[in-house]
Amino acid sequence: MTAPQKSAQGYGSAQRPTQAVILAGGQGSRLRPYTDDRPKPMVEIPGTGTPIIGHQLDWLAAEGVTDVVVSCGHLAEVLAEWLEATELPLVAAESAGQAPRMRVRTVVEEEPLGRGGGLRFAAKELPRPGEPWYATNGDIWTRFPLRRMADFHAERDATATLALARPRIPWGAVETDEFGHVRDFIEAPPSPFLINAGVYVFAADFASLLPERGDHERTTFPRLARERRLAGFPLPQGAYWRSIDTAKDLSEAARELAAHRD
């Protein structure tokens, strides 16, 4: 990969996306009964006062995103009604001037397309097809500097960059010495492996590489990795990240966020 020329302002302003896709089409079956009457991104973590997608929109607006396309499926009308009734956030512009209000539109998958197909389907509706874009899974609760991730992506001249998280192992670990004596018990230690955090920066031409149906992690990403066009951005130290997949995730996220606020 050839790094682009660095300007006086640093990598960034011309390279940083101002448009994004949120994948919100999943059934959320492991979150039932919370998803019986709403899609997964509409589930609220207790104590936060906002659904997951509300938090995501606030975060994207704070990072300069002006336009969002939400790819919907399960109970799409509930999400659309919420968007219509909600005052969308103001966008934090990089230059002085009046802050515009974020624009959000929904597209509905008439049949499940998979994550890769859903991304391709939604990307067709982005207002600036010749520019890079962000994407996030609709069940991710996180906050970190997206502009820094976009600069990382541009420095490496990547076609796609994925955020990398190091989640805690859900079990206690046992530490032993070389003789097999137990030395310590460690409650929920960080995993030794990085995982795909479900947040992305994509080059403008990435959408054409996605499958019409299926999972881009099994098709497009391995191909880009072989061609050294896929980058991984480790989340900054201290950045909160959690995927909300089950009722247990909801309760644990509520507890962690409450502690984080304190």
Side-chain angles (χ1 to χ4, degrees), residues 1-7 9-25 56-57 59-61 63-73 91 94 102-109 112-138 140 144-164 194 196-235:
M1 297 178 184
T2 303
Q5 189 69 31
K6 190 174 183 179
S7 68
Q9 293 77 29
Y11 290 106
S13 56
Q15 303 286 343
R16 291 169 177 162
T18 57
Q19 53 187 358
V21 167
I22 296 176
L23 287 176
Q56 291 182 332
L57 293 175
W59 174 44
L60 291 170
E63 293 291 332
V65 173
T66 59
D67 295 272
V68 176
V69 178
V70 184
S71 181
C72 306
V91 177
E94 290 189 329
M102 176 181 273
R103 296 177 291 270
V104 181
R105 65 168 302 178
T106 59
V107 293
V108 180
E109 299 177 25
L113 299 175
R115 287 182 295 176
L119 273 175
R120 183 176 183 127
F121 178 67
K124 295 175 183 177
E125 302 301 323
L126 289 170
R128 295 174 290 280
E131 296 182 11
W133 46 293
Y134 297 117
T136 181
N137 296 341
I140 301 298
F144 63 89
L146 269 178
R147 291 185 176 113
R148 192 187 305 174
M149 182 177 172
D151 293 348
F152 179 96
H153 170 85
E155 288 167 13
R156 285 149 185 80
D157 197 23
T159 299
T161 297
L162 52 151
L164 302 175
L194 293 167
N196 180 354
V199 180
Y200 312 95
V201 184
F202 294 137
D205 62 350
F206 176 76
S208 64
L209 305 177
L210 287 164
E212 295 283 354
R213 185 187 304 271
D215 191 343
H216 57 291
E217 293 188 19
R218 296 178 180 273
T219 54
T220 310
F221 278 179
R223 170 186 165 189
L224 291 178
R226 289 192 299 270
E227 297 170 354
R228 300 182 65 81
R229 296 161 60 196
L230 182 68
F233 175 78
L235 296 190

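Positions are given from 1, in the same order as the sequence printed here. None of the values given here were measured: they were computed from a predicted structure.
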Sequence-distant partners of Thr220, side chain to side chain donor-acceptor pair (under 3.5 Å), two or more places apart: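 Result, side chain to side chain donor-acceptor pair (under 3.5 Å) vs Thr220: none returned.
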
State whether the side chain of [X] and the backbone N or O of [Y] hold a donor-acceptor pair below 3.5 Å, judged by distance alone.
X: Gln19; Y: Glu131; result: yes
X: Glu63; Y: Arg147; result: yes
X: Trp133; Y: Tyr200; result: no

Is there side-chain contact between [X] and [Y], with at least one heavy-atom pair below 4.5 Å?
X: Asp67; Y: Leu126; result: no
X: Phe202; Y: Leu210; result: no
X: Phe233; Y: His153; result: no

Please list, chain by chain and in numerical order, all residues satisfying salt bridge (charged side-chain N to carboxylate O under 4.0 Å, His left out) with Arg223, sequence neighbours excluded.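 Partners of Arg223 under the salt bridge (charged side-chain N to carboxylate O under 4.0 Å, His left out) test: Glu227.
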
Tell me whether Arg148 forms a cation-pi arrangement with Phe152, defined as NZ or CZ under 6.0 Å from the six-membered ring centre and within 45 degrees of its axis.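 Arg148 over Phe152 ring: no.
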
Please confirm whether the ring centroid of Phe206 lies under 6.0 Å from the ring centroid of His216.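 Here the rings of His216 and Phe206 have centres that are no less than 6.0 Å from each other.
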
With rounding to the nearest 0.5 Å, note down the distance linking CG in Leu230 to CZ in Arg228.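 So the gap between those two atoms works out to 11.0 Å.
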
What's the separation between atom CG in Leu23 and atom OG1 in Thr136, rounded to the nearest 0.5 Å?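 The CG atom of Leu23 sits 8.0 Å away from the OG1 atom of Thr136.
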
Are more than 12 heavy atoms, taken from residues, nucleotides or ligands other than Arg128, located less than 6.0 Å from that residue's CZ atom?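 Yes, the 6.0 Å shell around CZ holds more than 12 heavy atoms from other groups.
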
Sequence neighbours left out, what pairs pass salt bridge (Lys or Arg N to Asp or Glu O under 4.0 Å) with at least one residue falling in residues 197-212?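 The answer is Arg120-Glu212.
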
Please walk me through it: do Leu235 and Val199 pass side chain to side chain contact (heavy atoms under 4.5 Å, CB included)? CA-CA 10 Å; Leu235 296 190; Val199 180; over 6 Å; no

Please give me the minimum heavy-atom distance between Leu113 and Glu109, naming the atom from each residue.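 Heavy atoms only, the tightest pair is N-OE1, 3.1 Å.
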
